[in-house]
There are 2 protein chains.
Amino acid sequence: MPPSRRPSRIQTRNRAAILDAALDVFSAHGFRGATVDQIAKAANLSKPNLLYYFPSKEDIHNALLEQLLDTWLAPLRALDETGDPLEELLAYVHRKLQMSRDFPRESRLFANEIVQGAPRIHAALSSDLKTLVDTKTDVIRGWMDAGRIARVHPYHLIFSIWSLTQHYADFDVQVRAVLGQEDPFATAPEFIDTLYRKLLSPP
Amino acid sequence: MPPSRRPSRIQTRNRAAILDAALDVFSAHGFRGATVDQIAKAANLSKPNLLYYFPSKEDIHNALLEQLLDTWLAPLRALDETGDPLEELLAYVHRKLQMSRDFPRESRLFANEIVQGAPRIHAALSSDLKTLVDTKTDVIRGWMDAGRIARVHPYHLIFSIWSLTQHYADFDVQVRAVLGQEDPFATAPEFIDTLYRKLLSPP
DNA sequence: CGTCGCTTTGACCAGTTGGTCAAATCATTC
DNA sequence: GAATGATTTGACCAACTGGTCAAAGCGACG
């Protein structure tokens, strides 16, 4: 087991390689579908060597999820109560869409976990996630009360942003199968921008 | 192997029980995460008995997917060129949302398959699905040309409907973790209705 | 350059999993 | 109710998988 002292250069390099490889494999096959051998090979390590850095398959997965939830919620955290409501929400939507383009593996890792009932992060959903969403929907409700954006169901608004943006990462194969050559991310921003402007522009 | 003659009553009953059990298990754990034993137990059969009806795990999965794609696309097929554009599209959205409520297992089976790269139905996506979507986007484009609904990117419009509606089935745990007691399907229809009315109402 | 602790590995193990098979049981038909 | 074919099952197998371990390799430091 790696010592708890300051990690050596080799430690840092190998742990990073493992997490990157594991992200590849877990996001493509789900937890159960991924094998330690696959991950080890993708990280250019032998299986025992990999297990020297992470004592079990589950530990790797946990490390990924832990690291993920924070970055995943960062865009919502950044929603600023003092900014212009419509522009704040649009900025959130665009940040989220960019994450789907730039970090599709992370999105799919998350999707795999949730679709299968979130067995490993259910607690975090009901605590951290719910708390954050409750806070932000309060802000949004405030904006609606002040008549600065149209009134819609705040929670469903958030859900719609999640689903619309993550769809381009999670269902990438389907999107590309339908679109053919056209790059989804070339035209998606404008569509989504229009959608939320029309939905939220004050009456 | 079951004979190709007309299936007996036992055949019909057991094959149905297997497919139902398999839908439970596959949708909850993905293909790789599901075990034949699990399915057999859920169907109240011994494993060899189950394999008497379906020669392999993959055959069960294929049977499910095959049956699924048709029913899954039925709501889009029903989109009627001769109807009122906005109402037709709204009807489609609501049909799709109801499928998420009534057939969440089917939705998750599909989601599992697509998120993991659609290894088993990629061909069908590029042929059947694409053909259908192309046909229907032509219809939609026609409506836009005639000024009967607002002009937006037709493909992204379809994607948005898929993602918004299926989200309630695929990410059910997350939605419920955030919403708490409130039933998602009590408030979702109105939200989505509003969204598409605002997006599509002619200028 | 020798030592000591970090890193790497080949060989191995026990549990699981998809699938087989011969034999037993059951249902139908004559 | 005997014969025939459909259905069911316990026992079994080979491949795979997560994980272990003792021993070998390697690098930094005195």
Side-chain angles (χ1 to χ4, degrees), chain A residues 1-65 112-113 116 119-120, chain B residues 1-65 112-113 116 119-120:
Chain A
M1 196 182 325
S4 54
R5 350 182 94 261
R6 169 153 19 112
S8 72
R9 212 163 306 146
I10 288 183
Q11 286 268 338
T12 325
R13 173 169 54 81
N14 280 348
R15 289 183 67 97
I18 291 170
L19 287 177
D20 187 71
L23 183 55
D24 260 10
V25 179
F26 280 133
S27 68
H29 304 289
F31 179 78
R32 187 61 153 56
T35 74
V36 178
D37 268 314
Q38 259 180 312
I39 301 174
K41 186 168 291 183
N44 269 315
L45 295 173
S46 68
K47 184 169 61 165
N49 197 11
L50 181 148
L51 289 168
Y52 167 74
Y53 291 99
F54 290 88
S56 78
K57 180 183 172 181
E58 184 134 9
D59 282 306
I60 311 176
H61 197 249
N62 284 344
L64 279 177
L65 283 183
N112 264 304
E113 175 69 10
Q116 301 190 5
R120 290 159 235 278
Chain B
M1 196 181 329
S4 54
R5 350 183 95 262
R6 169 155 18 114
S8 72
R9 211 163 310 145
I10 289 183
Q11 286 268 338
T12 325
R13 173 169 54 79
N14 280 349
R15 290 184 66 98
I18 291 170
L19 288 177
D20 187 71
L23 183 54
D24 259 10
V25 178
F26 280 133
S27 67
H29 304 289
F31 179 78
R32 187 60 152 58
T35 74
V36 178
D37 267 314
Q38 258 180 312
I39 301 173
K41 186 168 291 183
N44 269 316
L45 295 173
S46 66
K47 184 168 61 164
N49 197 10
L50 179 148
L51 289 167
Y52 167 75
Y53 291 98
F54 290 88
S56 79
K57 181 183 172 182
E58 183 132 11
D59 282 308
I60 310 176
H61 197 249
N62 284 343
L64 279 178
L65 283 183
N112 264 304
E113 175 70 9
Q116 301 190 3
R120 292 159 233 279

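The basis for the numbers below is simple: all heavy atoms, side chains too, and nothing from hydrogens, waters or symmetry mates.
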A/Arg32 versus A/Gln116: any side-chain heavy-atom pair under 4.5 Å?
no

I'd like to check A/Asn14 versus A/Phe54 (side-chain heavy atoms, cut-off strictly below 4.5 Å). Are they in contact?
no

Counting only side-chain nitrogens and oxygens, does B/Gln11 get under 4.0 Å of the OP1 or OP2 atom of D/dA6?
no

Euclidean distance, atom [atom1] of residue [X] to atom [atom2] of [N] [Å, nearest integer]:
| X | N | atom1 | atom2 | answer |
| --- | --- | --- | --- | --- |
| A/Asn49 | C/dA11 | CG | C1' | 16 Å |
| A/Asn14 | C/dC6 | CG | P | 15 Å |
| B/His29 | C/dT16 | NE2 | C1' | 15 Å |
| A/Tyr53 | C/dC6 | OH | P | 12 Å |
| A/Tyr52 | D/dA23 | OH | P | 18 Å |

Check B/Leu45, B/Asn49, B/Leu51, B/Leu64 against B/Ile18 for a side-chain contact (heavy atoms from CB on, under 4.5 Å) and give me the one that passes.
B/Leu45

Ring geometry between A/Phe31 and A/Phe26 (parallel below 30°, tilted from 30 to 60°, perpendicular above 60°)
parallel

Restricting to salt bridge (Lys or Arg N to Asp or Glu O under 4.0 Å), what partner residues turn up for A/Lys47, sequence neighbours left out?
A/Asp37

Indicate the atoms forming the closest heavy-atom contact of A/Ala43 with A/Ala17, along with that distance.
CB-O, 3.8 Å

Kindly indicate, with the supporting measurements, whether the criterion side chain to side chain contact (heavy atoms under 4.5 Å, CB included) is fulfilled by B/Tyr53 and B/Asp59.
CA-CA 10 Å; B/Tyr53 291 98; B/Asp59 282 308; over 6 Å; no

Could you run down nucleotides 17-30 of chain C 5' to 3' and tag each one B, S or - for protein heavy-atom contact under 4.0 Å?
SBBBB---------

Roughly how far, to the nearest 0.5 Å, is CG of B/Leu23 from NE2 of B/His61?
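Between atom NE2 of B/His61 and atom CG of B/Leu23 there are 9.5 Å.
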
Among residues 38-46 of chain A, which contact DNA chain C at a heavy-atom distance under 4.0 Å?
A/Ser46

